[in-house]
Amino acid sequence: MDCIFCRIIAGDIPSHKVYEDDATLAFLDINPASQGHAVVIPKEHAADLFSLSPDALAATAKATQTVARLLQRGVHPEGINILQNNGPSAGQSVFHYHVHVIPRWSGDRALGMWKPGATDHAAFATLAAQLRGGEGA
Ligand code: AMP
Ligand code: ZN
């Protein structure tokens, strides 16, 4: 087994568990962006969003809400970011689907946000139509 998160699920590698149910596990990120930064993972191995089963996706989403509530109660953040990376270009480094739950405080600089681009309704209309045509692909 060469997947580090599968090894955490199996108990071969220690983790600081914050939540577990039949289908999911959540633990503190080893290099946290902020205090309480946790990752929520399905117990089913899937590399990313594209290969994850709908049931595991739903279970992970539900567990993400639970973990967000645990963090709200435990570290009292002013806000929480949910982040999920797919592919190296998007910052994915562990190829077992996971959701980051990142507590935020004003001015903490824990995450960089995108620079808002220009509004181009004509281009958006074309792109949205093209994307709708790809539904179910
Ligand atoms: P990503 O870059 O979205 O793939 O996120 C992977 C995350 O897993 C990173 O934030 C790492 O710090 C975290 N990570 C890697 N190994 C471990 C580990 N053994 N225990 C806890 N978190 C880990
Ligand atoms: Zn895995």
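Just so you know, these numbers use all the heavy atoms, side chains as well, and skip hydrogens, waters and symmetry mates. Remember, it's 1-based here, ligands and their atoms both numbered in the order they're listed.
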ask   = Protein N, O or S atoms at less than 2.8 Å from the Zn ion (ligand 2), how many?
value = 4
For ligand 1, list every N/O pair with the protein closer than 3.5 Å, one pair per line with the distance.
residue	atom	partner	partner atom	Å
ligand 1	2 (O)	Gly91	O	2.7
ligand 1	2 (O)	Ser93	N	3.3
ligand 1	2 (O)	Ser93	OG	3.0
ligand 1	3 (O)	Asn85	ND2	2.8
ligand 1	3 (O)	His98	NE2	2.8
ligand 1	3 (O)	His100	NE2	2.8
ligand 1	4 (O)	Ser93	N	2.6
ligand 1	4 (O)	Ser93	OG	3.3
ligand 1	4 (O)	Val94	N	3.0
ligand 1	4 (O)	His98	NE2	3.0
ligand 1	5 (O)	His98	NE2	3.0
ligand 1	5 (O)	His100	NE2	3.2
ligand 1	10 (O)	Asp29	OD1	3.2
ligand 1	10 (O)	Asp29	OD2	2.5
ligand 1	12 (O)	Asp29	OD1	2.5
ligand 1	22 (N)	Ile30	N	3.1

inquiry  = Do Tyr97 and Leu57 have side chains that approach each other closer than 4.5 Å (heavy atoms only, starting at C-beta)?
reply    = yes
key: Ile102 and Leu111, any side-chain heavy atoms less than 4.5 Å apart   = yes
message = Nearest 0.5 Å, please: how far is CD in Gln92 from CG in Asp48?
response = 6.0 Å
ask   = Under 3.5 Å, is there a donor-acceptor pair between the side chain of His98 and the main chain of His96?
value = yes
query = Mind checking whether Ile82 and Thr64 have side chains closer than 4.5 Å, heavy atoms only?
reply = yes
task = Compare all side-chain heavy atoms of Leu70 with those of Tyr19 and state whether any distance is below 4.5 angstrom.
result = yes
request  = Kindly give the heavy-atom pair with the smallest separation between Ala63 and Thr24, and that separation in Å.
outcome  = CB-OG1, 3.3 Å
query = Does Leu71 reach the side chain of His37, with side-chain heavy atoms less than 4.5 Å apart?
reply = no
ask   = Does Phe27 reach the side chain of Ile8, with side-chain heavy atoms less than 4.5 Å apart?
value = yes
